[in-house]
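Please read all numbers here as calculations on a predicted model, not as lab measurements.
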Amino acid sequence: MVKPQTRQELLIASRTKFDELTELINALPAASKTKEFSFKGRDRNLRDILVHLSAWQALYLHWSTTNLKGEQRVRFLPKGYTWQTSSKLSEQLRQLNQDLSVDEAFKRLQNTHRKMIRQFESLQQEQLFTHNFFNWTGSSTLGDYASLFSQNAMNGRSAAYNTSVMTWHKNH
């Protein structure tokens, strides 16, 4: 999918990717939703993927909402983390949510997705896709970040999950 360049494209892409992920999850038999993947990696099951997506969307929402209010400037990543160490943050988030059910993890993702869509709807085209509109987005636009943590992240995670589920079904 091409990176959105307009508010409308961002809304369509985000909704489409979320709907595709939802359809994939809903099509799975209940037992498949809790199975461990056959490959090694940070995300070991569907819950881990859903936790990862919702946690990073929550980070985006905290960063963008706080900065949009102008009350204080906040970093994207929590203190102590850099983009180079973001994989450690992802692993910590996975470990902290091991007691969460798949349904609870999906509800979190639905909630963060809904909040992101509301934010996109509330912002103007210029706010989302004009370079240097906000000094706190650096050389990227807010829409670049929004796209990364809404539809692009779901595309990568759902593709990985889709592949692992299809492989699992072939072998069982």
Side-chain angles (χ1 to χ4, degrees), residues 1-22 25 42-43 46-158 160-161:
M1 180 171 267
V2 177
K3 184 173 95 169
Q5 298 297 313
T6 68
R7 178 180 171 267
Q8 191 63 26
E9 288 174 0
L10 176 62
L11 284 163
I12 290 168
S14 298
R15 287 178 175 136
T16 299
K17 286 300 174 188
F18 185 79
D19 290 347
E20 289 173 1
L21 180 61
T22 300
I25 292 168
R42 182 198 60 237
D43 298 331
L46 175 58
R47 180 206 53 235
D48 290 350
I49 289 175
L50 297 175
V51 162
H52 180 85
L53 290 172
S54 65
W56 280 90
Q57 286 184 354
L59 286 169
Y60 163 84
L61 286 164
H62 172 71
W63 170 75
S64 61
T65 302
T66 304
N67 284 319
L68 283 166
K69 288 179 184 175
E71 297 168 358
Q72 62 178 342
R73 186 168 176 189
V74 296
R75 294 171 31 118
F76 190 98
L77 295 172
K79 194 171 190 152
Y81 292 98
T82 65
W83 289 111
Q84 290 76 27
T85 62
S86 62
S87 61
K88 291 179 182 176
L89 174 61
S90 292
E91 177 59 27
Q92 181 184 19
L93 293 167
R94 187 191 72 76
Q95 289 177 6
L96 289 171
N97 289 283
Q98 289 301 293
D99 293 335
L100 210 60
S101 71
V102 171
D103 289 339
E104 291 168 324
F106 187 62
K107 285 177 186 169
R108 281 189 188 179
L109 181 59
Q110 288 173 312
N111 186 45
T112 56
H113 172 73
R114 197 171 17 256
K115 287 177 181 178
M116 290 185 76
I117 294 295
R118 272 186 272 173
Q119 182 190 80
F120 305 161
E121 291 172 338
S122 74
L123 295 170
Q124 300 300 313
Q125 168 71 21
E126 295 75 22
Q127 292 173 296
L128 285 166
F129 289 100
T130 299
H131 284 276
N132 301 314
F133 193 90
F134 300 111
N135 64 357
W136 44 268
T137 61
S139 61
S140 299
T141 67
L142 182 58
D144 291 336
Y145 284 99
S147 176
L148 179 63
F149 295 104
S150 63
Q151 58 98 21
N152 283 347
M154 280 192 256
N155 186 40
R157 290 288 153 204
S158 63
Y161 185 71

Where at least one partner belongs to residues 73-83, residue pairs that pass salt bridge (Lys or Arg N to Asp or Glu O under 4.0 Å), sequence neighbours excluded: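 For residues 73-83, and leaving out neighbouring residues, there are no salt bridge (Lys or Arg N to Asp or Glu O under 4.0 Å) pairs at all.
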Pairs satisfying salt bridge (Lys or Arg N to Asp or Glu O under 4.0 Å), at least one member in residues 95-115, at least two apart: none
So [Y] and [X], do their side chains get closer than 4.5 Å, heavy atoms only?
{"X": "Asn111", "Y": "Ser54", "result": "no"}
{"X": "Ser14", "Y": "Met116", "result": "no"}
{"X": "Leu128", "Y": "Phe133", "result": "no"}
{"X": "Gln119", "Y": "Tyr60", "result": "yes"}
{"X": "Leu148", "Y": "Trp56", "result": "no"}
{"X": "His52", "Y": "Arg94", "result": "no"}

Heavy-atom pair of closest approach, residues Gly80 and Thr85: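 Residues Gly80 and Thr85, closest heavy atoms: O-OG1, 4.3 Å.
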Heavy-atom closest contact (Arg7 atom, Gln124 atom, distance):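 For Arg7 and Gln124, the tightest heavy-atom pair comes out as CD-C, 4.3 Å.
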Output the distance between atom [atom1] ([X]) and atom [atom2] ([Y]), rounded to the nearest 0.5 Å.
{"X": "Leu68", "Y": "Ser122", "atom1": "CG", "atom2": "OG", "answer": "7.5 Å"}
{"X": "Phe134", "Y": "Asn67", "atom1": "CZ", "atom2": "CG", "answer": "9.5 Å"}
{"X": "Leu93", "Y": "Leu59", "atom1": "CG", "atom2": "CG", "answer": "6.5 Å"}
{"X": "Thr16", "Y": "Leu11", "atom1": "OG1", "atom2": "CG", "answer": "10.0 Å"}

Listed partners of [X] passing side-chain hydrogen bond (donor to acceptor under 3.5 Å, both in side chains), at least two apart:
{"X": "Tyr145", "result": "none"}
{"X": "Gln92", "result": "Tyr81"}
{"X": "Gln95", "result": "Glu91"}
{"X": "Gln84", "result": "Thr82"}

Thr112 (side chain) donor-acceptor with Leu109 (main chain) under 3.5 angstrom: yes
Check: Thr22 side chain, Phe18 main-chain N or O, donor-acceptor pair, under 3.5 Å: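 The answer is yes, because a donor-acceptor pair under 3.5 Å joins these two groups.
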Listed once per pair and sorted, the side chain to side chain donor-acceptor pair (under 3.5 Å) pairs that draw on residues 127-141, sequence neighbours left out: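 Output for this query lists Thr141-Asp144.
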Non-neighbouring partners of Ala105 that pass side chain to side chain contact (heavy atoms under 4.5 Å, CB included), sequence neighbours left out: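 Partners of Ala105 by the side chain to side chain contact (heavy atoms under 4.5 Å, CB included) criterion, ordered by chain and then number, come out as Arg47, Leu50, Val51, Leu100.
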Set of residues satisfying salt bridge (Lys or Arg N to Asp or Glu O under 4.0 Å) with respect to Glu121, sequence neighbours excluded: Arg15
Phe76: ring pair (Phe, Tyr, Trp, His ring centres under 6.0 Å) partners, not counting sequence neighbours: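 Trp63, Trp83, Phe149.
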